[in-house]
Asks: 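Below you will find the structure I want to go over with you.
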Amino acid sequence: MATWSAPGKVFLFGEHAVVFGKPGIAMAIKPRVYVTVRKTRHPPRVRSPYLENCFDIMGVNGSVYIHSQLPSSSGLGSSAAVTVATLSAINDEFDMNYTRADIGDMAYSVEKKVQMGKASLTDTHVSSYGGLVLIKGETKRRLAPQSFQLVIGNTLVSHKTAKLVEMVGEFKKEEPLVVDPILDAIEAVTIRSMYKFDDMKVLGRYMDINHALLEALGVGHPMLTRLVSEARAAGAYGAKMTGAGGGGSMIALCPKRSKNKVASAIEACGGKAIITTIDTDGARKERDYGRNSNSKIRR
Ligand code: MEV
């Protein structure tokens, strides 16, 4: 049997704008999905379309056990993490020799198939490699890891990423004169943020601006507005929704000393808080039960 894990992700800047070729910055976060795969002669029927497609693409069959620290449908990339960890565990258990890049590509194909062509390249890439990534179109550049102190607030309002992306696309088609400058402003904030990674106050302000611009695109939600305002009032440098919006999650950039206070403020409004930082590992092999095998996945 082989157990692998893969991290979730947050967008620090640039979500939605990335869909139109603008830059975005995403970061892998500590909560992970753990997947154990075992060769079995008579594997039980796998019910999740993600898992089914993982076994299909690898051309094998096995049993699978999942333990997730990531809530699903919350904008934190849980389906990508499940897919990346499952493919990595299959790769290991069945002695295949796929690289990390291969796993990332296959994970994207699986997500695309299950999500009917609308998957995010960012989610599978960040989950495979970990760290901080600048995305622009098809290109992804690893940025130097930063120890941003984050509190994530899950609104517990589920959302449909594909629908929100489509909505913004429609808005842009109908009102290019209004929407294009908003996307340009998101791009400006994303680019400027990279010059300010060491200045939390300015970075927090950029997050506030990015949140307002996303609201202007129409992807806000009253619960996101509430959690963002409460997090700021509790001492965050800045806060914004993360991912597609319309529910899902928000992030607050915090001084270390305020993290608990910000988390309590989020929970007091009915959100679910996760205190976290960057995860630089990406997909990784977890302790396996007795069998002495080294990682079979290559970077
Ligand atoms: C969703 O997590 C982020 C979006 O920008 C979509 C995408 O990048 O695929 C809304």
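Remember, it's 1-based here, ligands and their atoms both numbered in the order they're listed. Model, not experiment: these values are computed from the prediction.
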Asks: Considering non-hydrogen atoms of the protein only, which is the closest contact for atom 3 (C) of ligand 1, and what is the distance?
Replies: Phe11 CE1, 3.5 Å

Asks: Hey, which atoms in ligand 1 end up nearer than 4.0 Å to a heavy atom of Val18?
Replies: 5 (O), 8 (O)

Asks: For atom 9 (O) of ligand 1, state which one of Ala162, Ala244, Ser120 supplies the nearest heavy atom.
Replies: Ser120

Asks: Using modelled atom types only, decide if a donor and an acceptor are shared between the side chain of Ser193 and the backbone of Thr190 within a distance under 3.5 Å.
Replies: yes

Asks: Which bit of Lys9 is near ligand 1, meaning a heavy atom under 4.0 Å away: side chain, backbone, both or neither?
Replies: side chain

Asks: Would one find more than 12 heavy atoms of other residues, nucleotides or ligands at under 6.0 Å from atom NZ of Lys172?
Replies: yes

Asks: With a cut-off of 6.0 Å (strictly less than), are more than 12 heavy atoms of other residues, nucleotides or ligands near NZ of Lys30?
Replies: yes

Asks: Take a 6.0 Å sphere around CZ of Arg284 and say whether it holds more than 12 heavy atoms from other residues, nucleotides or ligands.
Replies: yes

Asks: How close do Ala236 and Pro255 get, counting heavy atoms only, and between which atoms?
Replies: CA-CD, 4.4 Å

Asks: Which of the atoms of ligand 1 are close to His16, meaning less than 4.0 Å from one of its heavy atoms?
Replies: 4 (C), 5 (O), 10 (C)

